[in-house]
Number of protein chains: 2
Amino acid sequence: MAKIDDVARLAKVSKGTVSNVFSQKRPTSDEVRERVLRVSRQLNYVPNHTARSLVTKKTMAIGLTIPHGSFFFSLFHTQFINGVILEASYYGYRVLLDIIPEQQVQTPFLTSYPIDGAVVMSPTTNDERIALMHAGQIPFVTVGKVMNEEIAHFTSVDNDNPQIMRSICEYLIDKGHTAIMFLNANALMTVSLDRKASFIQTLEKHGLPVEAHMLHHKPALNSSEYLDYGYAETIRVLGTERRKVTAIIADDDRTAFSTLKALKDLNLNVPGDVSLFVICGDLSMMVQSDPSLTSMDLQPSELGAQSVRLLMNQLGVLQGEFPEHVIVESKIIERNSVSTISS
Amino acid sequence: MAKIDDVARLAKVSKGTVSNVFSQKRPTSDEVRERVLRVSRQLNYVPNHTARSLVTKKTMAIGLTIPHGSFFFSLFHTQFINGVILEASYYGYRVLLDIIPEQQVQTPFLTSYPIDGAVVMSPTTNDERIALMHAGQIPFVTVGKVMNEEIAHFTSVDNDNPQIMRSICEYLIDKGHTAIMFLNANALMTVSLDRKASFIQTLEKHGLPVEAHMLHHKPALNSSEYLDYGYAETIRVLGTERRKVTAIIADDDRTAFSTLKALKDLNLNVPGDVSLFVICGDLSMMVQSDPSLTSMDLQPSELGAQSVRLLMNQLGVLQGEFPEHVIVESKIIERNSVSTISS
DNA sequence: TTGTAGGCGTTATCAT
DNA sequence: ATGATAACGCCTACAA
């Protein structure tokens, strides 16, 4: 691979000049630039990214930490990632997928992360990835609240989870539902805490006590019950235990689909017998399901884009005053999976 | 950030020794290692990835090029990526998401890719990404055939596309279907060529001429019709044009779902009136759909893992003899969306 | 087993 | 606008 010296020699200029032609950090005369570019093309020269990084101390890459050993993205994740990639590319940044290996890496044998900052998805309480970033002085933006004891300030994007749950519950209550079951996300996810609290609070406000069978948390990813979550809980509660439930709130699209399947197997009609509400799901999937699913649109790709913008601001790439926490709008999209109950 | 000299000084050893402790490329005495590690911890020292890369000429990252401006992954992509990430992590490699920006980047102002190799998804005919890799001497593995004129040899993983289409067609023909419509992938995708050829060939072999309304290609990603593909074609052919079609083969899960929706809107029962076969789709989605969808399991995450293994072999990380082209098994999974036609 | 010093390919500073 | 040269932080012969 040709190096900067080769180009400099052949173009009869100094390497500093060649550098300037490519980095465009200082002006160069048209004549010289032409010559340098011509020679570069001829030698197939391209600046070495690593060498440049060493001196500029910028890798032009951001990390995207995805859920632990994440085997199963939901469609929400996919769209979020799309948003991140696209927005990052606007600023010339690449995206490095960061996973935390299952088994703990031997601490001393790591190297520094070759990234300028990171977007952290699905933070958990006392998230070790976040602790690492914090210790390593790496700017980061989280999707959802950070709940690490040692960290007071952080930048994040999020939906307004308490309000989301309140809206959903009241939407259902307005339609006459009083027996509502909530299939929440995993208990470790910080979003699940807010949603749970708001679920309980809203129901109680309306004189509806929350019983054990009404609130569930998704099992851990490595659990054998993970994939089956919606199906299993629905069969158990509505089938085996024969509880009265007229509306189910599913945390994501997969859970919703598997719940739908369970209801079908129980010979329950949606929305005739049971209504189904999805918190975050891929738009195209919600529409094409039968019945199409009423859902809360969380705008995942907008969340992704916003998180990158906040990060770019922290990196000094994007100028201006940005808030510490950005709340992305969410709104209920009515389709055909929720019905009104006549009392 | 502490550097190697700081550690060396405080631990009263040379920087070479510190380097050895971390790289483990040469033995060090227990005593010295202990001391070095202790001091490192104290100073919060970690080797600088970039500096190391500059001299070793390894970035310990592989690129994963995803479809152009890829806004909409299918579940196949998602699972493939999962396979890649997991397998790469086994070898200490990170994964850099590589997208080709919509507008052509100004060629001379690029830098070298900070990757040791790449996995290229969904290659197209005369794929420019591949041409770039080829020119840049970057080892790469493709998912599917490379069809660039200047490239004769390449490493790839793939399913056996001709056989897949043959199997599917004969599976349907065996069940009495003669009016089969194929919703193929985008015409530029190299997989679509094999599938198309095999589709036509197999039908003709069984005395079933392929007419225009039986074969369709997914519009380009930037097309407004992209999301609607399955729905629109189904409505047009079975509805507006009133063609007789008893079985539809959909290229991916999204297309299948939207086709399902179209059939419903046309008041056609699946599989009573029309059978539906999906080529590649997420397992959990296929199962939870109603009816559950009969599909060809392409093992996307296995494809991902294999592609990384081939790449690691090219990079010298993984020893042994590997074939140039790996074919991953695929098999039909019967569910409830295909019925037998009595003639 | 450990120390020494040169070099990896750029950018940045200070001249000119 | 361009040149010369010292970093950037680490690895790797070679020497001890």
For residues B:Phe140 and B:His134, establish whether the separation of their ring centroids is below 6.0 Å. no

Is [X] close enough to [N] that one of its side-chain N or O atoms is under 4.0 Å from OP1 or OP2 there?
| X | N | value |
| --- | --- | --- |
| B:Thr17 | C:dG3 | yes |
| B:Lys57 | C:dG9 | yes |
| B:Lys12 | C:dG3 | no |
| B:Ser29 | C:dT2 | yes |

Measure [atom1]/[X] against [atom2]/[N] and give the value in whole Å, please.
| X | N | atom1 | atom2 | answer |
| --- | --- | --- | --- | --- |
| B:Arg9 | D:dC10 | CZ | P | 12 Å |
| B:Glu34 | C:dT1 | CD | P | 16 Å |
| B:Arg33 | C:dT1 | CZ | C1' | 12 Å |
| A:Leu54 | D:dA7 | CG | P | 14 Å |
| B:Ile4 | D:dG9 | CD1 | P | 11 Å |
| A:Asp5 | C:dG7 | CG | P | 13 Å |
| B:Tyr45 | D:dC10 | OH | C1' | 7 Å |
| A:Asn48 | C:dT10 | CG | C1' | 8 Å |

What protein N or O atoms touch nucleotides 12-16 of chain C N or O atoms at under 3.5 angstrom, if any, and at what distances?
| from | atom 1 | to | atom 2 | distance (Å) |
| --- | --- | --- | --- | --- |
| C:dC14 | N4 | A:Arg26 | NH1 | 3.1 |

Is a salt bridge present between B:Lys58 and B:Asp116, judged by a nitrogen-to-oxygen distance below 4.0 Å? no

Reckon B:Lys58 touches a base, only the sugar-phosphate, or nothing at all at heavy-atom distances under 4.0 Å?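 The residue B:Lys58 makes no contact with any strand.
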
Which is true for B:Val32 with a 4.0 Å heavy-atom rule: it touches a base, it touches only sugar-phosphate, or it touches nothing? sugar-phosphate

Which residue, A:Ala2 or B:Pro27, contacts DNA chain C at a nucleotide closer to its 5' end, judged by nearest heavy atom? B:Pro27

Taking the cut-offs as 6.0 angstrom to the six-membered ring centre and 45 degrees off its axis, would you call B:Arg33 and B:Phe22 a cation-pi pair?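 That pair does not qualify as a cation-pi contact.
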
Within a 6.0 Å radius of atom CD on B:Glu149, are there more than 12 heavy atoms belonging to other residues, nucleotides or ligands?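 Counting neighbours around CD of B:Glu149, 12 or fewer heavy atoms of other residues, nucleotides or ligands fall under 6.0 Å, so no.
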
Mark yes when over 12 heavy atoms from residues, nucleotides or ligands other than B:Glu31 sit less than 6.0 Å from its CD; otherwise mark no. no

Have A:Thr28 and A:Asn20 got a donor and an acceptor in their side chains that come within less than 3.5 Å? no

Under 3.5 Å, is there a donor-acceptor pair linking the side chains of B:Ser156 and B:His325? yes

